[in-house]
Asks: 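I'd like to ask some things about the structure below.
Predicted model only: the values in this text are computed from it and were never measured. When a ligand or atom number is given, it counts from 1 through the structure's own listing order.
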Amino acid sequence: MRHMAIVRNIVILTGAGISAESGLRTFRAEDGLWEDHPVEQVATPEGFRRDSALVQRFYDERRANVLAAQPNAAHLALGQLDREWQGQLLIVTQNIDDLHERAGAGRALHMHGEALSVWCIACDARHRWEETLRDGPPCPSCGKAALRPDIVWFGEMPYRMDEIYAALSRADLFVSIGTSGAVYPAAGFVQEATRCGARTLELNLERSLGSGMFDETRLGPASELVPAWVAEMLGGD
Ligand code: APR
């Protein structure tokens with residue numbers, strides 16, 4: 001691991017693995033979401049045009065699961081780090097759940113959208129949403145039945161990429177938690193962080209596609225690895 005005297009600026013990337021112990025399915029495990037929901041049908045703009053009812057039902061179910069889930073020890077530890085860390089910190093999550101925020105993290109950014117947000121494709125408004133979309137409810141702004149999940153689908157541009165790259169360029173430490181490294185641009189953040197001189201650490205249940213690109217990889221459940229790492233960072237260990 002590249003030793004660096006001082007760590008002030010941290011970028012953390014999280015994926016589905018950090019929410020697995022909160023009962024939210026990951027995507028590519030044996031019992032993963034993509035095992036019984038073909039990606040091209042439920043997570044592409046083309047799939048939505050072909051069968052919007054199927055897509056709305058899929059995300060209605062995910063929205064209900066998110067509302068029923070609770071943050072776990074890993075989310076809570078990152079919430080504590082967010083509150084106590086004096087330097088710069090950005091939690092970039094690929095997850096559409098709000099468990100980081102419910103665990104007290106104020107510096108979280110959803111690059112793939114949010115389950116509890118909808119987007120009107122008629123007037124471009126976004127609204128917080130906890131109900132279903134399958135019955136085509138009217139947009140609260142324009143009244144048109146043109147609401148879609150506010151989710152970044154395959155083939156669409158992730159959100160707030162400029163902010164993410166700006167934070168990576170200032171990072172002293174890049175930490176990846178619970179992601180398989182299967183999807184770009186997120187899977188390329190470790191290379192960008194390394195190029196900008198940061199140390200890189202992976203916390204994951206199993207080796208990922210990107211493990212070879214990290215200075216250090218620690219294997220185990222996020223609910224154990226993340227609190228231990230946060231204690232190290234806050235000097236509690
Ligand atoms: N603790 C830590 N890591 C875990 C745990 C756990 N309890 N459970 C699973 N993992 C790890 C797995 O080993 C795997 O490497 O989390 C990773 C989950 O990988 P994926 O299912 O591929 O999910 P993710 O990497 O978040 O997917 C990226 O792909 O499908 C799209 O838009 C979707 O945001 C998603 C993106």
Side-chain angles (χ1 to χ4, degrees), residues 12-48 55 58-59 61-63 65-66 69-78 91-100 103 108-117 119 148-161 164 174-191 200-214 216-230:
I12 300 168
L13 174 69
T14 65
I18 199 171
S19 297
E21 295 164 85
S22 294
L24 297 177
R25 291 165 70 185
T26 66
F27 295 94
R28 293 173 185 82
E30 270 160 34
D31 62 348
L33 277 169
W34 296 153
E35 290 308 308
D36 47 20
H37 296 279
V39 168
E40 58 286 351
Q41 284 183 11
V42 297
T44 63
E46 299 76 23
F48 187 66
V55 175
F58 175 68
Y59 287 99
E61 192 184 322
R62 295 191 62 193
R63 194 174 301 110
N65 295 341
V66 165
Q70 293 300 326
N72 62 55
H75 298 109
L76 295 167
L78 292 185
I91 300 171
V92 179
T93 188
Q94 299 169 87
N95 300 342
I96 64 172
D97 64 59
D98 64 339
L99 299 179
H100 282 304
L109 181 164
H110 289 263
M111 69 179 289
H112 290 166
E114 299 176 63
L116 304 182
S117 176
W119 177 23
R148 61 161 270 185
D150 187 11
I151 307 291
V152 176
W153 289 326
F154 287 93
E156 296 182 325
M157 196 58 192
Y159 294 157
R160 300 170 66 182
M161 290 303 292
I164 296 171
F174 173 75
V175 182
S176 174
I177 304 170
T179 185
S180 61
V183 174
Y184 283 77
F189 292 166
V190 58
Q191 287 151 305
T200 57
L201 170 65
E202 180 182 44
L203 307 176
N204 219 51
L205 192 62
E206 58 204 343
R207 290 185 68 76
S208 71
L209 296 172
S211 290
M213 297 186 274
F214 286 85
E216 182 188 357
T217 289
R218 301 178 190 174
L219 299 180
S223 63
E224 292 170 19
L225 293 181
V226 178
W229 170 69
V230 167

Asks: Is the contact between Q94 and ligand 1 made by the side chain, the backbone, both, or neither, using heavy atoms and a 4.0 Å cut-off?
Replies: both
Asks: Taking distance alone, with N or O pairs closer than 3.5 Å, would you say H112 contacts ligand 1?
Replies: yes
Asks: Would you say R25 and D36 make side-chain contact, with heavy atoms under 4.5 Å?
Replies: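 Side-chain contact under 4.5 Å: yes.
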Asks: Test your reading of the structure: does A222 have an N or O sitting under 3.5 Å from an N or O of ligand 1?
Replies: yes
Asks: Between the candidates A16, G220, S180, which shows the shortest non-hydrogen contact distance to atom 19 (O) of ligand 1?
Replies: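 Shortest heavy-atom distance from atom 19 (O) of ligand 1: S180.
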Asks: Using heavy-atom distances, let me know which of T179, L33, I96, L203 sits nearest atom 25 (O) of ligand 1.
Replies: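 The option holding the nearest heavy atom is T179.
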Asks: Examine the proximity of ligand 1 to A182 and report which part, side chain or backbone, both or neither, has a heavy atom under 4.0 Å away.
Replies: neither
Asks: Hey, could you give me the CG/CD distance between L99 and E21, rounded to the nearest 0.5 Å?
Replies: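 Taking CG in L99 and CD in E21, the distance rounds to 12.0 Å.
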Asks: Is there side-chain contact between E202 and V190, with heavy atoms separated by less than 4.5 Å?
Replies: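 In short, these two side chains do not touch, never coming nearer than 4.5 Å.
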Asks: Is ligand 1 under 4.0 Å from a heavy atom in the side chain of A20, in the backbone, in both, or in neither?
Replies: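 It is the side chain that gets close, since no backbone atom is under 4.0 Å.
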Asks: What closest approach, in Å, do P221 and L205 show between heavy atoms, and which atom pair accounts for it?
Replies: N-CD1, 3.8 Å
Asks: Heavy-atom contacts under 4.0 Å between F154 and ligand 1: side chain, backbone, both, or neither?
Replies: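 Under 4.0 Å from ligand 1, F154 contributes side-chain atoms alone.
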Asks: Is any side-chain heavy atom of T179 closer than 4.5 Å to one of F189?
Replies: no
Asks: Short N/O distance, under 3.5 Å, between A29 and ligand 1?
Replies: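 No, since none of the N or O atoms of A29 sits under 3.5 Å from an N or O of ligand 1.
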Asks: May I ask you to check whether L205 has an N/O atom sitting below 3.5 Å from an N/O atom of ligand 1?
Replies: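 Checking ligand 1 against L205, an N or O pair does fall under 3.5 Å apart.
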Asks: Identify the heavy atoms of P45 and F154 that sit nearest to each other, and give their distance.
Replies: CD-O, 3.4 Å
